[in-house]
Amino acid sequence: MSSSVQFSFIIGWIAMLAGGLAFWQMSRGLSPKQKHHGVAAMTIVFVAFANYFAMALGQGDIAYNGRDVFFARYTDWVITTPILLVSLAMMATDALSRLRTLVCALIAADVYMIITGLVGNLSTAPYNYYWWVISMVAFFVVLGLIWKPLAAEAVNGPNPGAFKTLATMLTVLWICYPIVWLIGSSGFNVISTAVESWLYLVLDVTAKVGFGFVALGAARKQA
């Protein structure tokens, strides 16, 4: 692991920890019925903190097929991205239990997307590209569920403006992840591991810390 890659991981765990502390402070101002937004935001960044901390210590990767595979990214994503989707659903409705089938479908497609992405990362060409395509199919299912049934629910929800902002954030940022995967060490390998790590860092911090600030800001206005 190069010093630049390790430094990106250090910045990552510091940013996630700082975000978690900020969210804890923000959550203190939430009404009891909005506290679940704070729990979701803090859980997301503290899970990410642990995985970035592990990678910074050299405990989050394995040598496989002649390269480093940072499996801690996937243990982060497979936990945090479902919570992000639940957080988005909570912004769409106050009655989350009524959407349990939709939320379960979102989580199932999301977890499938992450796991097949990991399988692709552990595969050599051309099989890695096959798995990337399979993962992308699941990704489009996630986007379809967000922008059709969930968005329809949000129209009459507690904060349709915040939902649209957060859904747009996730869509734009999550589209970037498979692109980085494809041009990075998992795919065509046209960018260095250092550049790949910094790109993932920017995406992770924005998708987790940035998302949390927007979600908690909207929840505080509802308090």
All ring-ring contact (aromatic ring centres under 6.0 Å, His included) counterparts of Phe163, not counting sequence neighbours
none

Going by side chain to side chain donor-acceptor pair (under 3.5 Å), name the pairs with one or both residues in residues 93-108, residues two or more places apart or in two chains.
Arg98-Glu153

Option passing side-chain contact (heavy atoms from CB on, under 4.5 Å) with Phe211 (candidates Thr206, Thr80, Leu84)
Leu84

Between the CD1 atom in Ile114 and the OG atom in Ser135, the distance rounded to the nearest 0.5 Å is 6.5 Å

Using a 4.5 Å cut-off between side-chain heavy atoms of Ile, Leu, Val, Met, Phe, Trp and Tyr, which other residues end up in the same hydrophobic cluster as Tyr127?
Tyr130

Check this for me: Lys148, atom NZ, are more than 12 non-hydrogen atoms of other residues, nucleotides or ligands nearer than 6.0 Å?
no

Would you please name every residue forming a side-chain hydrogen bond (donor to acceptor under 3.5 Å, both in side chains) with Thr75, sequence neighbours left out?
Asn51

Pairwise side-chain contact, Leu122 with Phe71, heavy-atom cut-off 4.5 Å (strictly under):
no

Could you report the tightest heavy-atom contact between Val209 and Gly19, atom names first, then the distance?
CG1-CA, 4.2 Å

Assigning hydrophobic clusters by single linkage (Ile, Leu, Val, Met, Phe, Trp, Tyr; side-chain heavy-atom cutoff under 4.5 Å), is Ile146 placed with Leu203?
yes

Per the salt bridge (Lys or Arg N to Asp or Glu O under 4.0 Å) rule, what does the pair list look like for residues 110-121, sequence neighbours excluded?
none

Look up atom OG1 in Thr165 and atom CG in Leu170, then write down how far apart they are to the nearest 0.5 Å.
11.0 Å

Look at the side chain of Thr171 and the backbone N and O of Ala167, then say whether any donor-acceptor pair between them is shorter than 3.5 Å.
yes

Tell me, which pairs form a salt bridge (Lys or Arg N to Asp or Glu O under 4.0 Å) where one or both residues lie in residues 71-88, sequence neighbours left out?
Asp76-Lys208

CG on Leu88 to CG on Leu166, rounded to 0.5 Å
6.5 Å

By the side chain to side chain donor-acceptor pair (under 3.5 Å) test, which pairs, at least two apart or in different chains, include something from residues 59-69?
Arg67-Asn121

Please examine the side chains of Leu145 and Pro149, heavy atoms only from C-beta on, and report whether any two atoms are closer than 4.5 Å.
yes

Could you tell me the separation between the NZ atom of Lys164 and the CE atom of Met91, rounded to the nearest 0.5 Å?
16.0 Å

Transitively linked via ILVMFWY side-chain contacts under 4.5 Å: Val39 with Phe49?
no

Closest heavy-atom contact between Ile79 and Ile83?
O-CG1, 3.3 Å

What about Phe70 and Val202, same hydrophobic cluster or not, with Ile/Leu/Val/Met/Phe/Trp/Tyr joined at side-chain heavy-atom distances under 4.5 Å?
no

Where Gly157 and Pro160 come nearest, the two heavy atoms and their spacing:
O-CD, 3.7 Å

Do Val141 and Tyr112 have side chains that get closer than 4.5 Å, going by heavy atoms?
no

What side-chain donor-acceptor pairs closer than 3.5 Å can you find for residues 4-16, not counting sequence neighbours?
unit_1 : atom_1 : unit_2 : atom_2 : d
Ser4   : OG     : Trp198 : NE1    : 3.1
Gln6   : NE2    : Ala56  : O      : 2.9
Ser8   : OG     : Val5   : O      : 2.5

Would Leu182 and Tyr129 satisfy side chain to side chain contact (heavy atoms under 4.5 Å, CB included), going step by step from the backbone distance to the final call?
CA-CA 8 Å; Leu182 195 61; Tyr129 305 118; 4.0 Å; yes

Which residue pairs satisfy the side chain to side chain donor-acceptor pair (under 3.5 Å) criterion with at least one member in residues 36-48, sequence neighbours excluded?
Gln34-His37

If you define the side chain from C-beta out and look only at heavy atoms, does anything of Thr193 sit under 4.5 Å from Ser2?
no

Any pair counted as ring pair (Phe, Tyr, Trp, His ring centres under 6.0 Å), so long as it reaches residues 135-154, sequence neighbours left out:
none

Apply side chain to side chain contact (heavy atoms under 4.5 Å, CB included) to the pair Cys176 and Leu173, showing each step before the final yes or no.
CA-CA 5 Å; Cys176 294; Leu173 292 167; 5.6 Å; no

Can you get from Met169 to Ile179 by hopping between Ile, Leu, Val, Met, Phe, Trp and Tyr side chains that sit under 4.5 Å apart?
yes

For the student: nearest non-hydrogen atoms of Lys35 and Ser27, plus distance:
NZ-O, 2.8 Å

Show your reasoning for whether side chain to side chain contact (heavy atoms under 4.5 Å, CB included) applies to Ile44 and Phe23.
CA-CA 11 Å; Ile44 289 164; Phe23 295 160; over 6 Å; no

Tyr74 meets the ring-ring contact (aromatic ring centres under 6.0 Å, His included) criterion, sequence neighbours left out, with Trp77

Test side chain to side chain contact (heavy atoms under 4.5 Å, CB included) on Val103 and Leu85 and set out the steps.
CA-CA 8 Å; Val103 171; Leu85 291 171; over 6 Å; no

Hydrophobic clustering (ILVMFWY, side-chain heavy atoms < 4.5 Å, transitive) - are Tyr200 and Val172 grouped together?
no

Counterpart residues, side-chain hydrogen bond (donor to acceptor under 3.5 Å, both in side chains), relative to Ser185 (two or more places apart):
Glu196

Looking only at non-hydrogen atoms, find the nearest pair between Gly120 and Trp181 and report the distance.
C-CZ2, 3.5 Å

Heavy-atom closest contact (Ala215 atom, Ser87 atom, distance)
CB-OG, 4.4 Å

